[in-house]
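Presented below is the structure to which this report refers.
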Amino acid sequence: MVGSLAGFLGAASERSGVEPFPPADAFALLAPGLQRALWEMKWKDLRPIQREAILAWNGVDDTGRKPVPADLLIMAQTAGGKTEAAFLPVLSQIAAEAEGSVRALYVGPLKALINDQFERVELLCRHMDMPVHRWHGDVGADAKSSLVASPSGVLLITPESLESLLINRTPRLGAMFGGLRAVVIDELHAFLESERGLHLASLLSRLGRYVGGGVRPRRVGLSATIGDPMAAARYLCADAPETVRMIEGKGEQKELLVRVHWYGEEAGASGLRPEHGPEARDPACDPEDDPTVRAIGADLVTHMHASTNLVFANAKGRIEILADAANAVCRERGLEERFHVHHGSLSRVLREDVEREMKEPSPDTAICSSTLEMGIDIGSVRTVGQVGTPWSVASLKQRLGRSGRRDGESRRLRVYLTDDSEPESENPEKRLPLDLLQAVAVMELMLTDRWVEPPSPSRLDLSTLTQQVVSGIAETGGMRAAELHERLCVAGAFRGVSAAVFARVLRSLGTRDVVEQTASGELILGLEGERVRASREFYATFHTPREYAVRAGDAALGTLPMTVTLRAGEFLVFAGRRWAVVNVDSARLEVMVRPAPGAKAPMFSGSMGEVHARVREKMVEVLGRAGGGAGAGDRFAPGYLDTRAAARLREAGGLAREHDLARRRVVETGPGTCVLMTWTGTRIQRTIEAMLAARGIKASAWEVSVSCQAGMEDVMVALRSFAGGGEGRAEGRSAGGPRADAGNTDARGVEARSSHESIALELAKHVEPKAVRKYDELLDDAVLEESIAADRLDVAGALGVLAELVG
DNA sequence: GACCTGCTGCGGGGTG
């Protein structure tokens with residue numbers, strides 16, 4: 001083992017590549033050029049995950065050699081040395097055959113990350129004859145064509161650029177990837193449940209056809225700690241996930257300091273709602289006048305001004321007004337303005353300015369969205385702030401991992417919450433401080449239960465399938481439907497897609513002229529398909545809304561969604577500064593602004609994310625315990641809550657106890673209306689909403705409840721029809737109902753469906769909107785319902801909740 | 001009331 005610098009130096013200088021070495025010596029398994037590079041970089045030792053990865057890649061472990069070299073899954077914190085853990089063994093393997101083909105492919109989700117990793121890999125390779133290339137949208141055409149002309153070494157690329165290679169460089173793919181040996185996927189957790197992950201899986205499977213000699217390049221996944229490592233293993237190696245070698249970094253046990261700050265009535269939180277009267281302004285849009293925003297801004301300055309910090313706020317508009325408020329407080333106190341904004345709607349130039357500022361030693365705080373959750377390394381962050389409730393345990397953990405990087409330094413988390421309750425509301429859930437309950441629930445799941453949401457990959461993403469159909473035809477020039485199904489589905493990434501569903505997708509695309517069939521039976525692109533494929537937007541599988549460019553003179557500030565109406569003269573806070581709109585050019589999609597004194601938060605339109613059922617279940621548990629059992633003595637009051645937060649939680653507990661809200665039940669709210677207190681996740685909420693709609697009852701899902709436009713008795717009857725014996729009914733319908741037109745239904749497919757799947761398919765008709773993903777618009781509702789049933793509903797979970805509701 | 005990510009090849013015009 002390389003346990004000391006002395007041993008390390010010895011190994012590096014003596015090894016000439018011929019002497020045998022003990023099998024457990026990871027360092028000795030490295031190529032000589034790498035050994036020399038590590039020695040020059042003055043590494044004292046390999047980290048445990050690096051040693052383990054090197055041994056595992058070489059098929060070695062404590063018991064000796066293993067016959068089958070497996071794929072690797074390396075899980076560790078950012079900055080835990082994962083990149084080197086992957087590249088040290090991979091580079092060593094391909095050291096002797098750098099030329100003639102790209103030998104190792106690295107796929108990363110961000111251009112900035114690829115640029116960082118490019119430098120790190122080049123550094124590792126400086127004593128090897130190993131070319132390192134990168135390919136993404138900012139890389140020049142010359143570098144790209146020279147790689148195509150003489151492929152070699154390591155290629156770092158984005159999924160979208162890989163897509164472009166497959167359709168724009170098809171004749172060269174065999175030469176480029178014929179000798180590919182390894183694929184490294186960075187930030188694998190970010191790919192697991194996204195459309196992009198499925199896209200990447202399909203690209204890699206298609207690329208595999210160009211690798212010579214039937215060789216399957218081995219894969220290495222690099223990931224943060226995730227709730228269900230087997231999901232990542234299935235992603236890496238769908239055929240044999242159990243063979244994937246898992247390597248987990250034992251992150252040192254860091255002390256975690258948590259504080260939850262509450263801004264209730266005293267801080268004027270009621271001011272978040274518009275006041276009445278002629279003087280009424282919407283205070284949420286005017287940070288100077290909003291006492292809550294001012295109070296949080298003042299506390300941010302007090303807590304953070306002297307150090308480097310990251311503050312995550314959930315919405316871009318909120319980020320802007322918080323930075324404005326905090327810097328206003330700085331001015332009042334005669335302090336330097338050190339609060340910056342960073343989010344995805346800012347121009348690249350402005351974002352890079354902030355990133356540079358954050359890396360410097362001077363104390364600066366970035367108020368940011370998930371842009372700074374992964375990717376670029378901010379270095380030493382003292383405190384992580386979270387304004388508003390965390391969405392999930394997974395995202396909170398990821399954010400928290402950005403602080404306390406230095407040895408012996410604690411992680412620090414400050415959560416800032418406002419009172420979002422409406423004491424007079426008829427809906428019981430609105431009388432409760434849900435943000436506080438969710439924040440405490442997420443914290444308890446993380447700290448006490450040590451639970452993280454498992455990734456839930458999409459099962460039937462027909463939008464990405466549509467993109468891959470168009471791309472697959474573009475790649476080959478034309479193919480029979482059966483062959484395309486074989487490539488994309490049977491042997492590809494869309495394994496859940498039956499021939500019947502695939503045929504229905506093709507029929508949808510045929511009616512819209514996306515694909516057409518030649519006389520000889522080949523599928524080719526139709527006019528619309530050619531248009532889709534030629535678009536610059538084709539390469540990404542995810543949807544992006546149309547936007548205005550925001551400009552101040554010659555400077556590009558960023559973008560605003562077109563859904564927002566802006567008028568000349570309006571004030572706007574953007575990029576951390578105050579502006580007035582000069583004019584809106586709808587033809588050029590441009591908004592011109594000039595500096596101005598007024599402040600108004602910009603509007604961004606977002607969509608609802610999904611909250612896991614267990615988070616909501618934890619919320620009701622917290623509420624119940626806060627209400628106490630026998631006496632006030634055993635009321636639950638976590639020590640990380642400040643006095644006001646603790647008081648508000650206690651008060652909510654009392655309210656819940658008084659009105660019996662801390663359990664699943666149906667609450668009568670008026671004549672002909674009632675509310676189901678479901679306390680469950682987004683997907684089950686949506687399912688229950690659809691169940692009621694299917695029985696003709698108007699219902700809308702809130703956070704932890706579903707409000708119904710029907711009396712309690714009718715609702716109970718409707719729910720019981722599903723809770724008991726509903727399965728047969730739903731099956732009967734889908735077999736004999738209007739959907740069962742012969743052309744669209746595969747008899748065996750229906751037969752093979754479980755009763756839950758049949759119910760889901762029936763319910764999917766009542767889910768709106770049906771088209772949510774990028775290419776859903778190109779598909780018929782009837783086939784989209786298959787996708788809704790698989791990905792957006794949870795019948796089993798809903799039946800479990802109903803069993804409690806209707807007792 | 002919710003976040004982020006990515007992006008070709010070619011033709012036309014200007015310059016040395």
Side-chain angles (χ1 to χ4, degrees), chain A residues 107-115 134-142 144-145 148 157-170 186-187 189-200 203 272-273 284 312-319 341-346 348 351 367-376 386-392 394-396 398-399 417-418 420 422 429-430 434-435 438 464 467 471 474 530-545 547 558-559 561 601 603-611 615 682 701-703 774:
Chain A
V107 187
L110 308 172
K111 290 187 284 192
L113 184 60
I114 286 176
N115 293 341
R134 60 184 145 173
W135 187 310
H136 57 61
D138 297 343
V139 173
D142 290 351
K144 290 174 179 171
S145 22
V148 172
I157 198 167
T158 60
E160 289 71 23
S161 286
L162 200 50
E163 174 70 70
S164 114
L165 275 179
L166 278 167
I167 58 178
N168 295 320
R169 312 277 180 161
T170 313
D186 206 353
E187 306 277 10
H189 57 277
F191 283 117
L192 282 182
E193 45 189 318
S194 67
E195 296 157 311
R196 251 182 134 190
L198 187 62
H199 184 201
L200 176 59
L203 295 170
L272 278 173
R273 288 188 299 278
F312 293 93
N314 289 344
K316 288 183 277 195
R318 173 57 59 96
I319 289 170
V341 298
H342 193 284
H343 57 72
S345 294
L346 295 180
R348 179 166 303 279
R351 273 198 272 176
I367 304 187
C368 60
S369 61
S370 39
T371 38
L372 293 181
E373 219 175 80
M374 66 172 185
I376 67 141
Q386 167 71 46
V387 181
T389 194
W391 294 328
S392 66
S395 96
L396 186 63
Q398 180 85 13
R399 292 172 177 188
L417 297 174
T418 56
D420 54 339
E422 299 169 27
E429 80 156 55
K430 295 193 180 181
L434 293 176
D435 279 358
Q438 185 168 326
T464 298
Q467 184 216 28
S471 174
E530 291 287 0
R531 195 193 62 76
V532 166
R533 178 247 175 277
S535 155
R536 197 163 151 282
E537 285 169 4
F538 176 68
Y539 303 90
T541 190
F542 51 86
H543 182 71
T544 36
E547 290 174 323
T559 57
M603 301 285 289
F604 291 91
S605 55
S607 59
M608 287 275 281
E610 298 221 332
V611 177
V615 172
T682 319
W702 299 95
E703 271 185 73
K774 187 172 179 181

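Below, chain A is the first sequence line, B the second, and so on; all start at residue 1. FYI, side chains are in, hydrogens and waters are out, and symmetry mates aren't considered; it's all heavy atoms of this structure. This is a predicted model, so every value here is computed, not measured.
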In this structure, how many angstroms lie between the [atom2] atom of [N] and the [atom1] atom of [X], rounded?
X: A:Asn314; N: B:dC4; atom1: CG; atom2: P; value: 11 Å
X: A:Arg196; N: B:dG6; atom1: CZ; atom2: P; value: 6 Å
X: A:Arg399; N: B:dC4; atom1: CZ; atom2: C1'; value: 10 Å
X: A:His343; N: B:dC4; atom1: NE2; atom2: P; value: 8 Å
X: A:Gln467; N: B:dC7; atom1: CD; atom2: P; value: 13 Å
X: A:Leu346; N: B:dC3; atom1: CG; atom2: P; value: 13 Å
X: A:His199; N: B:dC7; atom1: NE2; atom2: C1'; value: 11 Å
X: A:Leu203; N: B:dG6; atom1: CG; atom2: P; value: 15 Å

Indicate whether OP1 or OP2 belonging to B:dC7 is found under 4.0 Å from a side-chain N or O atom of A:Thr158.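 Yes, because at least one side-chain N or O of A:Thr158 sits under 4.0 Å from OP1 or OP2 of B:dC7.
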May I ask you to verify if any side-chain N or O of A:Arg533 is less than 4.0 angstrom from the OP1 or OP2 atom of B:dC7?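 Checking B:dC7 against A:Arg533, no side-chain N or O comes under 4.0 Å of OP1 or OP2.
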Indicate yes or no: at least one non-hydrogen side-chain atom of A:Glu163 is less than 4.5 angstrom from one of A:Leu203.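 Yes; the side chains approach each other to less than 4.5 Å.
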Does the side chain of A:Arg348 reach to within under 4.5 Å of the side chain of A:Lys111, using non-hydrogen atoms?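 A:Arg348 vs A:Lys111: side chains touch.
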I'd like to know whether A:Tyr539 forms a side-chain contact (heavy atoms from CB on, under 4.5 Å) with A:Thr158, so could you lay out the CA-CA distance, the side-chain angles of the two residues, the decisive distance to 0.1 Å, and finally the verdict. CA-CA 10 Å; A:Tyr539 303 90; A:Thr158 60; over 6 Å; no
Quick check for you: among [options], whose closest atom lies nearest to any side-chain atom of [X]?
X: A:Trp391; options: B:dC3, B:dG9, B:dG6; answer: B:dC3
X: A:Lys144; options: B:dT8, B:dT5, B:dC7; answer: B:dT8
X: A:Ser370; options: B:dC3, B:dG9, B:dT5; answer: B:dC3
X: A:Arg169; options: B:dG6, B:dC4, B:dG9; answer: B:dG9
X: A:Tyr539; options: B:dT8, B:dC3, B:dG6; answer: B:dT8
X: A:Asn168; options: B:dT8, B:dC7, B:dC3; answer: B:dT8
X: A:Ser369; options: B:dT8, B:dC4, B:dG6; answer: B:dC4
X: A:Thr371; options: B:dT5, B:dC7, B:dA2; answer: B:dT5

DNA chain B: 5'-proximal contact among A:His543 and A:Thr389 (nearest heavy atom):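 This one resolves to A:Thr389.
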Kindly determine whether A:Leu434 and A:Thr389 satisfy side-chain contact (heavy atoms from CB on, under 4.5 Å), including the steps that lead there. CA-CA 9 Å; A:Leu434 293 176; A:Thr389 194; over 6 Å; no
Give A:Asp138 one of three labels, base, sugar-phosphate or nothing, depending on what nucleic acid heavy atoms sit under 4.0 Å from its own.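 Result for A:Asp138 = nothing.
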Which part of the nucleic acid does A:Ser395 contact within heavy-atom distance under 4.0 Å: base, sugar-phosphate only, or nothing?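 The answer is nothing, as A:Ser395 stays clear of every strand by at least 4.0 Å.
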Between the side chains of A:Thr371 and A:His342, is a donor N or O closer than 3.5 angstrom to an acceptor N or O?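 Side chains of A:Thr371 and A:His342: pair found under 3.5 Å.
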Centroid under 5.5 Å and tilt under 30°, A:Phe538 to B:dC7: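 It does not: the two rings, one from A:Phe538 and one from B:dC7, miss the stacking criterion.
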Before you tell me yes or no, could you show the steps for A:Trp391 and A:Gln386 under side-chain contact (heavy atoms from CB on, under 4.5 Å), namely the whole-Å CA-CA distance, both residues' side-chain angles and the distance that decides it to 0.1 Å? CA-CA 10 Å; A:Trp391 294 328; A:Gln386 167 71 46; over 6 Å; no
